[in-house]
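What follows is a short report on a single structure.
In the text below, chain A, chain B and the rest are named by the order of the sequence lines, each starting its count at 1.
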There are 2 protein chains.
Amino acid sequence: MARKQGSHSGTTGPKVRAAALRLIARYGFAAVSMRQIATDVGVQVGALYNYTPDKQSLLYDLMHSHMAELLTAWDQEATAGTAFARLERFTRFHIRFHLPRADQVFVSYMELRNLSPDNFTKIEAMRRIYEDALDDILRAGEAEGQFIIADSRITTMGLIALLTGVSNWYRDDGRLSVGEIEKIYWDMVRKSVSA
Amino acid sequence: MARKQGSHSGTTGPKVRAAALRLIARYGFAAVSMRQIATDVGVQVGALYNYTPDKQSLLYDLMHSHMAELLTAWDQEATAGTAFARLERFTRFHIRFHLPRADQVFVSYMELRNLSPDNFTKIEAMRRIYEDALDDILRAGEAEGQFIIADSRITTMGLIALLTGVSNWYRDDGRLSVGEIEKIYWDMVRKSVSA
DNA sequence: GTCTATATGAGGATAGAC
DNA sequence: GTCTATCCTCATATAGAC
């Protein structure tokens with residue numbers, strides 16, 4: 001039988017977050033109960049409230065962590081260079097970052113409507129920063145004459161939808177490596193904005 | 001005060017579906033209660049069960065209707081011709097069909113995981129038929145030498161993600177007409193597969 | 001076809017013992 | 001830090017009156 005009492009500090013917190021992420025990705029925020037999460041972690045429901053003040057905060061933490069990681073990772077990846085080189089960097093980075101994070105991507109996209117208004121505003125602001133990074137690249141390339149783009153904002157939204165869509169079909173045991181997928185998508189992106 | 005009794009047959013059924021669609025799109029299937037739907041329609045909760053055997057069937061009906069309409073509309077739109085012409089047709093059709101159906105798109109995409117396994121299988125089969133229509137065009141264009149495509153299946157998924165993404169940012173009162181949006185996306189699609 | 005009332009169960013969150 | 005027990009609200013679905 002499972003242990004009924006005792007301290008397991010240091011591991012329960014991360015376990016709660018991991019269980020919540022996986023369950024919410026699979027069944028949706030509203031469909032997942034705190035009891036389900038507790039069972040998955042191996043504690044009773046009351047114990048969860050040592051790690052989150054409420055269910056909403058748990059969702060926000062998951063989405064905020066994801067966006068913060070994304071922005072930090074891109075900050076470290078972004079470089080100077082031609083718009084062309086920067087766009088390739090962005091394309092490959094986006095795929096490489098998101099592919100191993102299917103649950104985070106799913107939750108961050110699907111559960112926006114379940115954030116409280118305040119939390120939604122904060123997450124949207126982070127998302128906007130990321131979109132603007134691509135928008136900057138596109139406008140730079142247009143100014144340099146490397147790209148022909150009808151509308152940089154729409155192209156930004158289009159390319160991000162295209163690239164994020166990888167998560168819809170990618171499987172770890174699929175026939176293509178991440179590198180091959182990056183290449184295929186980079187070909188499409190490159191051609192779609194080409195002069 | 002609202003009427004407490006009486007027959008309103010002929011209108012309640014569609015109203016139930018319309019209310020369910022709008023509420024589910026906004027808050028998610030699991031988060032929307034039958035009571036909310038009933039309130040929105042203006043009846044008591046028990047009355048809903050004259051129009052659906054249960055909540056799950058209501059969701060399935062919404063998604064099935066959407067996919068059936070989509071396939072029927074594409075059947076009427078599809079034409080013979082060069083792969084190039086067929087791809088433009090598909091691109092413009094996809095945007096024109098989906099733009100005025102934001103709620104349906106959202107629900108059909110987001111609530112797949114809330115379908116029962118049987119219902120999921122049926123909806124997925126319909127979705128696959130639509131994807132295959134694009135896949136056929138791409139492979140035809142490749143065979144004719146009009147397109148250069150690394151992998152038709154991945155390109156199919158990529159283009160559908162790109163095109164469906166329009167629903168993420170489109171607003172009825174935005175600065176662009178549907179025709180202008182079709183044009184911008186067709187430029188991207190055309191170039192992305194160009195030889 | 002709709003209403004009211006109810007059966008039956010699950011939900012988020014909290015209090016207090018250990 | 002976790003457990004048990006509980007409060008209070010809400011859920012889906014059904015039964016039977018009108």
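- Take B:Y130 and apply the ring-ring contact (aromatic ring centres under 6.0 Å, His included) test, not counting sequence neighbours, and it matches B:F90, B:H94.
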Practice item. Going 5' to 3' through nucleotides 8-14 of chain C, assign each nucleotide B (protein heavy atom under 4.0 Å from a base atom), S (under 4.0 Å only from sugar-phosphate atoms) or - (no protein heavy atom that close). Key: ---BBBB
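- The side chain of B:Q44 lies closest to C:dT4 when the candidates are C:dT2, C:dT4, D:dT2.
- Residue pairs meeting the salt bridge (charged side-chain N to carboxylate O under 4.0 Å, His left out) criterion with at least one partner in residues 102-118 of chain A, sequence neighbours excluded, are A:E111-B:R113, A:R113-B:E111.
- Distances shown here put a side-chain N or O of A:T12 below 4.0 Å from the OP1 or OP2 atom of D:dT2.
- Between A:I160 and A:R127, every side-chain heavy-atom pair lies at or beyond the 4.5 Å cut-off.
- Put simply, CD on B:E77 and CZ on B:F93 are 6.0 Å apart, with the number rounded to the nearest 0.5 Å.
- In this structure, B:L48 atom CG and D:dT14 atom P are separated by 13 Å, rounded to whole Å.
- The strand DNA chain C forms stems, runs of 3 or more Watson-Crick or G-U wobble pairs with distances below 3.5 Å, at C:1-18 with D:1-18.
- By the 4.0 Å N-to-carboxylate-O rule, A:D132 lies close enough to A:R153 to be salt-bridged with it.
- A:I154 is not listed as a side-chain neighbour of A:I149, based on a closest heavy-atom distance of 4.5 Å or more.
- Its side chain within the 4.5 Å cluster rule, B:M110 clusters with A:F106, A:Y109, A:M110, B:F106, B:Y109 among the Ile, Leu, Val, Met, Phe, Trp and Tyr residues.
- Contacts of B:Y60 classified as ring-ring contact (aromatic ring centres under 6.0 Å, His included), with partners at least two apart in sequence or in another chain: B:H64.
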